[in-house]
Amino acid sequence: MRNAEVARVFRDIAAYLDMDDVPFKPRAYEKAAQAIESHDRPLDAVYRAGGVKALREIPGIGTSMAEKLEELITTGKCKLREEYHHRMPVDLAALTALEGVGPKAVKVLYERLGVRTLADLEAAARAGKVRDLPHFGEKSEQKILKALAFVQTSGQRTPLAVVRPVIDELAAALARVPGVARVEVAGSIRRRKETVGDADLLALARTAEAAIAAFAQLPAVARVLGQGDTKCSVKLQDGLQVDVRVVPEESFGAALLY
DNA sequence: GGGCAAATACTG
DNA sequence: CAGTAT
DNA sequence: GCCC
């Protein structure tokens, strides 16, 4: 079982806990999911090499989560998650991915309308059933419809493995531009998401304009989508969209977090 | 044991 | 204003 | 739940 899948299980648990207003645990599970997702080594390998103890070395993973990880790695399942899912068999990943839809909303949608999937939700929203729900209204329903349309169109994302070498090379090229002191890959690539919609680069330079201008003229750039004083968005020859932002020394660290 | 991110924007 | 989501 |  891949790290991303394990992380998904933990995220589901976090969402289920959130629905019941359980304090703090959800954050703990989310933090763990994040740590797992961005861990460079496959967890099953970590487990084979060092057992539960090795899993516990990962920050955010304590006794309880290490046990659940062991269960997931050896059996492929997680009892706790299955119990929750049995009580509420919803596609949490997809539903929760919708902007404006969180655990609480999923719960209400399921309990009152039996919504389990995106298709269910779309049908309900189109039928005007969502607006009458507690905590929802006309606006909420419209927002959901909009979010639904968005995920359906912006579907094509690129696997990280494909983007990685391309973006690394581009980053190196940018780093060679005179005046550019440092370049880091940011965004979803830095966070090691499975797939990326676009790439984000962060550059450190004294004169942002010059760096931006030079970047826009790199050979790999097919066309410039937008260009400002400190940032620039381009489409590469291979179709990948790249956003670059140039910041001064003092904000580099903070900017990297985003 | 006791604390755990903070701030903001919507919506009802 | 309070609750919820980001 | 995790961490200190």
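Just so we're clear, the structure is a prediction, and the values are computed from it rather than from any experiment. Residue numbers begin at 1 in each chain, while the letters A, B, ... track the order of the sequences.
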Just how far, in rounded Å, is [atom2] of [N] from [atom1] of [X]?
{"X": "A/Leu55", "N": "D/dG1", "atom1": "CG", "atom2": "P", "value": "16 Å"}
{"X": "A/Leu80", "N": "D/dG1", "atom1": "CG", "atom2": "C1'", "value": "11 Å"}
{"X": "A/Arg56", "N": "D/dC2", "atom1": "CZ", "atom2": "P", "value": "7 Å"}
{"X": "A/Ile58", "N": "D/dC2", "atom1": "CD1", "atom2": "C1'", "value": "14 Å"}
{"X": "A/Glu99", "N": "C/dA5", "atom1": "CD", "atom2": "C1'", "value": "10 Å"}
{"X": "A/Tyr29", "N": "D/dC2", "atom1": "OH", "atom2": "P", "value": "7 Å"}

Trace of the side chain to side chain contact (heavy atoms under 4.5 Å, CB included) decision for A/Asp91 with A/Asp120
CA-CA 10 Å; A/Asp91 186 352; A/Asp120 293 342; over 6 Å; no
Residue among A/Arg27, A/Lys25, A/Lys107 satisfying side-chain hydrogen bond (donor to acceptor under 3.5 Å, both in side chains) with A/Asp18:
A/Arg27
For [X] versus [Y], what's the shortest heavy-atom pair and its separation?
{"X": "A/Ala199", "Y": "A/Ile189", "answer": "CB-CD1, 3.5 Å"}
{"X": "A/Asn3", "Y": "A/His39", "answer": "ND2-O, 3.4 Å"}
{"X": "A/Glu70", "Y": "A/Leu55", "answer": "N-CD1, 4.2 Å"}

With sequence neighbours left out, which residue pairs that include part of residues 205-232 of chain A fulfil the salt bridge (Lys or Arg N to Asp or Glu O under 4.0 Å) condition?
none
DNA chain C contacts made by residues 6-21 of chain A, counting heavy atoms under 4.0 Å
none
Give, ordered by number, those residues of residues 100-118 of chain A having at least one heavy-atom distance below 4.0 Å to an atom of DNA chain C; if nothing qualifies, reply none.
A/Gly100, A/Val101, A/Gly102, A/Lys104, A/Ala105
Roughly how many Å apart are C/dT4 and B/dA6, using the C1' atom of each and rounding to a whole number?
16 Å
Interatomic distance at C1', D/dC2 relative to B/dA5, whole Å:
15 Å
Chi angles and distances behind the side-chain hydrogen bond (donor to acceptor under 3.5 Å, both in side chains) call for A/Ser140, A/Arg131
CA-CA 7 Å; A/Ser140 325; A/Arg131 68 186 71 180; over 6 Å; no
Need one value for A/Pro59: base, sugar-phosphate or nothing, where a base atom within 4.0 Å counts as base even if backbone is also close, heavy atoms only.
sugar-phosphate
May I ask you to say what A/Leu98 touches in the nucleic acid, namely base, sugar-phosphate or nothing, with a heavy-atom cut-off under 4.0 Å?
sugar-phosphate
For A/Arg126, enumerate each residue passing the side-chain hydrogen bond (donor to acceptor under 3.5 Å, both in side chains) test, keeping only those at least two apart in sequence or located in another chain.
A/Glu122
Is it true that, when you exclude A/Glu5 itself, more than 12 heavy atoms of the residues, nucleotides or ligands shown sit nearer than 6.0 Å to its CD?
yes
How about A/Glu249 and A/Leu204: do any of their side-chain heavy atoms sit closer than 4.5 Å?
yes
Give every residue pair that meets the ring-ring contact (aromatic ring centres under 6.0 Å, His included) criterion with at least one member in residues 62-84 of chain A, sequence neighbours excluded.
A/Tyr16-A/Tyr84
Protein proximity profile, nucleotides 2-11 of chain B - base contact B, sugar-phosphate-only contact S, no contact -, cut-off 4.0 Å on heavy atoms:
--B------S
